[in-house]
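Quantities reported herein were computed from a predicted structural model and do not represent experimental measurements. Just so we're on the same page: letters track the sequence lines, and every chain starts at 1.
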Number of protein chains: 2
Amino acid sequence: MAVPVAPGTVAFCARHGYGAVVTVERFPSPDAATVARVVGDGLREGAVVSIEANCEIEYDGRSGGYLAPGDRLVVCKPDGTLLVHRPSGHKPVNWMPGGATIKVEPGEDDDAPLLYARRSNPNEFLRVYLGDVYSVSRFDATDAVEYQEHGTEAEMHEYIEANPEDALEDGIRILEHERETQYGYLDFFAQDAEGTPVVVEVKRRQATLNNFDQLKRYMELYRESNPDVRGMLVAPSTSDRVKRALRDEGLEFVRLAEFDVETREASETTLTDFS
Amino acid sequence: MAVPVAPGTVAFCARHGYGAVVTVERFPSPDAATVARVVGDGLREGAVVSIEANCEIEYDGRSGGYLAPGDRLVVCKPDGTLLVHRPSGHKPVNWMPGGATIKVEPGEDDDAPLLYARRSNPNEFLRVYLGDVYSVSRFDATDAVEYQEHGTEAEMHEYIEANPEDALEDGIRILEHERETQYGYLDFFAQDAEGTPVVVEVKRRQATLNNFDQLKRYMELYRESNPDVRGMLVAPSTSDRVKRALRDEGLEFVRLAEFDVETREASETTLTDFS
DNA sequence: GTGTTTATTTCGGGG
DNA sequence: CCCCGAAGTAAACAC
């Protein structure tokens, strides 16, 4: 499966259906010129480039920061994303969201090569001084499929719209979904069995004080003209504080147990369920 | 600089002060047993393990999802973080936050090895079926320094506390910082030149409708006892809709131009500024 | 632990 | 483009 590649590199082949293709090329202890070439060519040609290096970082833009030298994993994507990961933590310590322009300036003489990312709106930049590059890897990744997600707020909306009486209360009718008002977007505008209008705000997770605020904001508009309008905060659960705040405002909490992630045990489905 | 390693692997040395140390070990086209060993040993011994592979992913927990096979970069950290990155986008398509237990089950016969991460509270899991592993890399990263950040909301608070008259208005006095109330935490509680109390909510970025809600919530408490209490939303900018909402409620917007990231051009400081 | 808020939030949808 | 709101938000911090 060996494929000819530039001397000094290590190439691995993929078992692609259409024959052997070099998918990953790895450059051990590359010099500055090699780093610049691999990053430049790789990103231009649509590959993901990962760098394991000891580096020093400067960021300035929406905030500013400095990170003294240490070992990090740097990931560059062809869409202009740059991520710097430390050995722990979910979030990168520094990053640039997609859309940035990434380039490498090979350092002069003994200088560290500089990985530089810049973008505008907002104006910001990231400088990664690659003091000691252990390894660079070019990954020509092909990944076209779409991620399929379920259990989102959109699904909860669909459920409520399809089963308002089960989800909310007997006799309720949905009049509008995602209604735009002067104060923002209502999730639902409904009418109860007595014909009283109901403003409905839906949350997929435990409802917070901010969610209560949001419902209250929407209510203002309707209470002026009709003091009897009802307001419902619909969620799998909420805190006592939020319940009290709702009660004080004459608003209601509607528990949607069907969507409670804690009671609904992780289902351990197998891949066959998806096929 | 060569260091003896297991046959079939590629090892790169770091120029560490205390002598040659294998920092990165790379395993091209590893079999399932090698993947299991490298991930297991690596994570246990505190290394970051990166995998370039064609894989298929299942997630279930707070939401649920499925991603059909494609080429992705998988990063495993010793703190139990797992990230799956596609060739574009800032956020991983799937992940597990720190604290998860990560293990690899070598697939039987021709089965793909399974990278499995699980955690509780909330209960969730991630399954990564490594159908075609192009390369695995073990990175014994040493990174102890702390990230230094500036331009945070905390700094904005310090500025306001130190220069309330410049930041807010002439004659104003800060009485309390981070005051706890029944309805949450006020950023500042102040008093204007006439002795009227002022509730101050500070945002580092453009203020949103939600921020307006928050200020309004804090105001309720004080308006009961003193209808003349003033409310200020302090931010570098905000939308017209928020300004109108504030006006309708008798609240004020205070623009803090000093912290506007758009007007304050990225400063292009050099590393010497930090030393 | 739970509750609340921030974030270099990122992301997507609609006007 | 901006505005607005969701997110498997994660992380920090108070209680």
Side-chain angles (χ1 to χ4, degrees), chain A residues 59-65 81-84 88-100 117 119 121-126 147 149-154 156-157 178 180-181 183-187 201-214 217 237-242 261 266, chain B residues 59-65 81 83 89-100 119 121-126 147 149-154 156-157 178 180-181 183-187 201-214 217 237-242 261 266:
Chain A
Y59 161 69
D60 200 13
R62 288 169 289 180
S63 114
T81 298
L82 197 155
L83 309 168
V84 181
S88 71
H90 165 91
K91 285 174 56 178
V93 62
N94 279 114
W95 70 91
M96 207 60 106
R119 70 172 192 139
N121 201 359
N123 249 335
E124 50 185 355
F125 68 83
L126 191 58
Y147 180 56
E149 191 173 22
H150 58 263
T152 60
E153 183 158 308
M156 202 158 164
H157 282 203
E178 306 273 314
E180 183 176 7
T181 74
Y183 287 157
Y185 290 81
L186 311 192
D187 283 339
E201 175 66 23
V202 179
K203 290 298 151 189
R204 201 182 58 79
R205 307 189 313 146
Q206 175 163 310
T208 67
L209 273 172
N210 251 322
N211 304 147
F212 156 75
D213 291 336
Q214 210 174 329
R217 164 160 40 100
S237 68
T238 194
S239 67
D240 289 339
R241 176 130 66 152
V242 171
V261 78
Chain B
Y59 161 70
D60 200 13
R62 287 171 288 180
S63 106
T81 299
L83 309 168
H90 165 90
K91 287 172 54 177
V93 62
N94 278 115
W95 71 92
M96 207 59 106
R119 70 171 192 141
N121 201 358
N123 248 334
E124 52 185 354
F125 68 81
L126 191 57
Y147 180 55
E149 190 174 22
H150 59 262
T152 60
E153 184 157 308
M156 201 158 163
H157 282 202
E178 307 270 309
E180 183 178 8
T181 74
Y183 285 161
Y185 288 81
L186 311 191
D187 284 339
E201 176 66 22
V202 179
K203 290 297 149 192
R204 203 183 58 76
R205 309 192 312 145
Q206 176 163 306
T208 68
L209 274 172
N210 259 323
N211 303 146
F212 156 75
D213 289 338
Q214 209 173 339
R217 168 161 35 102
S237 67
T238 194
S239 68
D240 289 339
R241 178 133 51 165
V242 171
V261 76

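- Proximity of A:Thr208 to the phosphate of C:dG3: no side-chain N or O atom is located under 4.0 Å from OP1 or OP2.
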inquiry  = Counting primed atoms plus P, OP1 and OP2 as sugar-phosphate and everything else as base, spell out the protein contacts along nucleotides 6-15 of chain C at 4.0 Å heavy-atom distance: B, S or - for each nucleotide, 5' to 3'.
reply    = SSBBSS----
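- If you measure from atom CG of B:Leu186 to atom P of C:dT5, you get 11 Å, rounded to the nearest angstrom.
- In this structure, A:Asp187 has no salt bridge (Lys or Arg N to Asp or Glu O under 4.0 Å) partners at least two apart in sequence or on a different chain.
- When heavy atoms are screened at a 4.0 angstrom cut-off, B:Gln206 is found touching the sugar-phosphate backbone but no base atom.
- No side-chain donor-acceptor contact under 3.5 Å links A:Arg62 to the backbone of A:Glu124.
- Running 5' to 3' along DNA chain D, contacts with non-hydrogen atoms of chain A at under 4.0 Å begin and end at D:dC2 to D:dA11.
- Going from the P atom of C:dT8 to that of D:dG5 covers 22 Å, rounded to whole Å.
- B:Thr238 pairs by the side chain to side chain donor-acceptor pair (under 3.5 Å) definition with nothing, not counting sequence neighbours.
- A:His157 meets the ring-ring contact (aromatic ring centres under 6.0 Å, His included) test with A:His177, A:Phe188; sequence neighbours excluded.
- In terms of the side chain to side chain donor-acceptor pair (under 3.5 Å) criterion, residue partners of A:Asn211 (sequence neighbours excluded) are, by chain and number, A:Thr208.
- Only the C1' atoms considered, C:dA7 is 15 Å distant from D:dA6, to the nearest whole Å.
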